[in-house]
Amino acid sequence: MKAKLLILVLSYALIFSGCTFNSPQTEKQQAQQATSQSTSPMLKRVFVVIDGSNSLNEAACIKISNEVKRVFDALSEYQELRVFSTVEGTKTQPIFIWKKASPTKPSLEKVYINETIPAQGQILMKQVSAACSKASNGSYILHAIQSVYSNFQGAEKADESMLLILSDMLECSPKYYGCSEQPNGFEKMIKGLDATSLSNDCPLSKAIPLENIFACFISMNDKMRYVQLSSSPACGAFWEAAFIKMGYSKGPLNGTDIGGFLSKMRD
């Protein structure tokens, strides 16, 4: 009887000691994992679509360049910028990609600030200028947005994504959605959306929340009819229909100033 009791006591002692030995180790591992997760940098990817169509004049191109530069200057640590132009094609590559990430070696910090950042800014401005000067770019705004979505495939997963559209929002893609020279022409373009596979090819709502999208109107042209078209309710109705096709309940926020977008980048 005493032997059995001794065995029981020893068994409980071993079980108890095993628990007290393993528990702190598990808690330590959990703490280390939590610390690792909390210190991991958050990647915010900023997409910008720039309109390079011939419905915009030189002043509009300068405005677009200035706004893109503001976005570049507002990039925080570990934010990435990808810029697309309104060329034909739903899977075109960005004209500019850069992730702002300071070097791990303090000795390289000065070179990074004084050389790397300015050099990247110059490359960006050169690419934007080239895109705006090509009249052959057309006004494939929806194609550029589709390229943004296709760019998610194979890209490093971002913690948050944002989209800025710098355009007069006058879609003109004759082979796909059509063009409009008059406000009533947008009705036909809206019907044209039904004949496309936009819902399947570009479910953008799965990638970027609506509150992270902003359309900045750059409606400068020597021909007033373009300005009137871009600001017409009919044009707005077309874009609302297009974004509903991409999985949203309505169209994105829009205006003429990107201040709110920049503030959201810094959040």
Side-chain angles (χ1 to χ4, degrees), residues 44-56 60-72 74-75 79-98 124-125 127-153 155 158 160-173 176-177 198 201-205 207-220 230 235-236 238-240 242-243 245-248 251-258 260-262 264-265:
K44 181 179 286 189
R45 183 169 287 132
V46 181
F47 294 96
V48 178
V49 167
I50 61 170
D51 194 334
S53 64
N54 56 11
S55 63
L56 296 172
C61 289
I62 293 173
K63 173 70 171 174
I64 288 173
S65 294
N66 290 339
E67 298 295 55
V68 174
K69 185 61 165 57
R70 288 178 68 191
V71 173
F72 179 83
L75 287 174
Q79 290 188 351
E80 183 183 85
L81 176 62
R82 298 192 178 203
V83 182
F84 292 78
S85 64
T86 55
V87 296
E88 183 178 2
T90 60
K91 294 183 179 180
T92 58
Q93 294 300 308
I95 62 173
F96 180 83
I97 302 178
W98 185 61
L124 171 61
M125 290 298 97
Q127 294 296 89
V128 171
S129 178
C132 287
S133 64
K134 293 179 180 177
S136 60
N137 275 353
S139 193
Y140 298 94
I141 306 164
L142 265 174
H143 274 197
I145 295 172
Q146 285 179 273
S147 291
V148 165
Y149 179 76
S150 66
N151 200 248
F152 277 88
Q153 309 301 320
E160 186 179 5
S161 294
M162 302 178 66
L163 170 62
L164 173 65
I165 305 169
L166 298 170
S167 169
D168 62 4
M169 304 306 287
L170 291 178
E171 175 72 22
C172 185
S173 47
Y176 307 95
Y177 309 106
L198 192 61
D201 295 340
C202 188
L204 192 66
S205 61
I208 306 177
L210 187 63
E211 62 269 20
N212 282 7
I213 303 176
F214 185 71
C216 181
F217 286 106
I218 311 291
S219 55
M220 300 178 185
S230 67
C235 181
F238 168 77
W239 282 106
E240 181 165 308
F243 272 83
K245 281 285 185 182
M246 291 185 278
Y248 299 101
L253 292 172
N254 59 76
T256 57
D257 181 74
I258 67 170
F261 186 86
L262 298 179
K264 205 167 186 62
M265 282 178 60

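Since this is a predicted model, take the numbers as computed values, not measurements.
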Participant: Does the side chain of Val46 reach to within under 4.5 Å of the side chain of Phe261, using non-hydrogen atoms?
Facilitator: yes
Participant: Just by distance, do the side chain of Ser147 and the backbone of Thr92 share a donor-acceptor pair under 3.5 Å?
Facilitator: yes
Participant: Kindly write out the residues that satisfy ring pair (Phe, Tyr, Trp, His ring centres under 6.0 Å) with Phe84, not counting sequence neighbours, or none if the list is empty.
Facilitator: none
Participant: Is the closest side-chain heavy-atom distance between Ser150 and Thr90 below 4.5 Å?
Facilitator: no
Participant: Listed by chain and number, what are the ring pair (Phe, Tyr, Trp, His ring centres under 6.0 Å) partners of Tyr176, not counting sequence neighbours?
Facilitator: His143
Participant: Would you name the heavy atoms of Ala158 and Arg45 that are closest together and state the gap between them?
Facilitator: CB-NH1, 3.8 Å
Participant: Should Pro94 and Val83 count as side-chain neighbours, where that means a heavy-atom distance under 4.5 Å?
Facilitator: no
Participant: Donor-acceptor pair, distance only, cut-off 3.5 Å: does the side chain of Gln127 make one with the backbone of Ile95?
Facilitator: yes
Participant: Could you go through Ser230 and Leu170, starting from their C-alpha distance and side-chain angles, then the distance that decides it, and tell me whether this counts as side-chain contact (heavy atoms from CB on, under 4.5 Å)?
Facilitator: CA-CA 6 Å; Ser230 67; Leu170 291 178; 4.0 Å; yes
Participant: Please examine the side chains of Arg82 and Val148, heavy atoms only from C-beta on, and report whether any two atoms are closer than 4.5 Å.
Facilitator: no
Participant: Is there a donor-acceptor pair under 3.5 Å between the side chain of Ser85 and the backbone N or O of Ile50?
Facilitator: no
Participant: Which residues pass the ring pair (Phe, Tyr, Trp, His ring centres under 6.0 Å) test with Tyr149, not counting sequence neighbours?
Facilitator: none
Participant: Do Ser161 and Phe152 have side-chain heavy atoms sitting under 4.5 Å apart?
Facilitator: yes
Participant: Indicate yes or no for a side-chain donor-acceptor contact from Ser167 to the backbone of Asp51 under 3.5 Å, with no hydrogens or angles considered.
Facilitator: no
Participant: Could you tell me whether a side-chain N or O of Glu171 sits under 3.5 Å from a main-chain N or O of Ile141, the two making a donor and an acceptor?
Facilitator: yes
Participant: Identify the two heavy atoms, one from Gln79 and one from Ala74, that lie closest to each other, and give their separation to 0.1 Å.
Facilitator: OE1-O, 4.1 Å
Participant: Using a 3.5 Å distance criterion without hydrogens, assess whether the side chain of Ser65 forms a donor-acceptor pair with backbone atoms of Cys61.
Facilitator: yes
Participant: Which residue, Ile208, Val71, Asn212, forms the side-chain contact (heavy atoms from CB on, under 4.5 Å) with Met162?
Facilitator: Asn212
Participant: Going through the checks in order, is the side-chain contact (heavy atoms from CB on, under 4.5 Å) test met by Leu142 and Tyr177?
Facilitator: CA-CA 9 Å; Leu142 265 174; Tyr177 309 106; 3.7 Å; yes
Participant: Hey, could you give me the OG1/CD distance between Thr256 and Glu67, rounded to the nearest 0.5 Å?
Facilitator: 9.0 Å
Participant: Write down the atom of Thr86, the atom of Ser53, and the distance for their closest heavy-atom approach.
Facilitator: OG1-N, 4.2 Å
Participant: Should the pair Phe96 and Phe72 be assigned to parallel (<30°), tilted (30 to 60°) or perpendicular (>60°) ring geometry?
Facilitator: perpendicular
Participant: Ignoring hydrogens and angles, tell me if any N or O in the side chain of Ser205 forms a donor-acceptor pair with the backbone of Met246 under 3.5 Å.
Facilitator: yes
Participant: Could you state the interatomic distance from CD1 (Ile97) to CD (Glu80), rounded to the nearest 0.5 Å?
Facilitator: 6.5 Å
Participant: Side-chain contact test, heavy atoms from C-beta onward, threshold under 4.5 Å: evaluate it for Gln93 versus Asn151 and give yes or no.
Facilitator: yes
Participant: For Met265, does its backbone N or O pair with a side-chain atom of Lys44 as donor and acceptor, under 3.5 Å?
Facilitator: yes
Participant: Can you tell me how far the CZ atom of Phe214 sits from the CD1 atom of Ile258, to the nearest 0.5 Å?
Facilitator: 8.5 Å
Participant: Does the pair Tyr248 and Leu204 meet the rule for a side-chain contact (heavy atoms from CB on, under 4.5 Å), with working shown?
Facilitator: CA-CA 8 Å; Tyr248 299 101; Leu204 192 66; 3.4 Å; yes
Participant: Could you grab the distance from atom CD1 of Ile218 to atom CG of Leu166, nearest 0.5 Å is fine?
Facilitator: 5.5 Å
Participant: Nearest heavy-atom pair of Ile165 and Phe243: which atoms, and what distance?
Facilitator: CD1-CZ, 4.2 Å
Participant: Side chains of Trp239 and Asn254: closer than 4.5 Å at any heavy-atom pair?
Facilitator: no
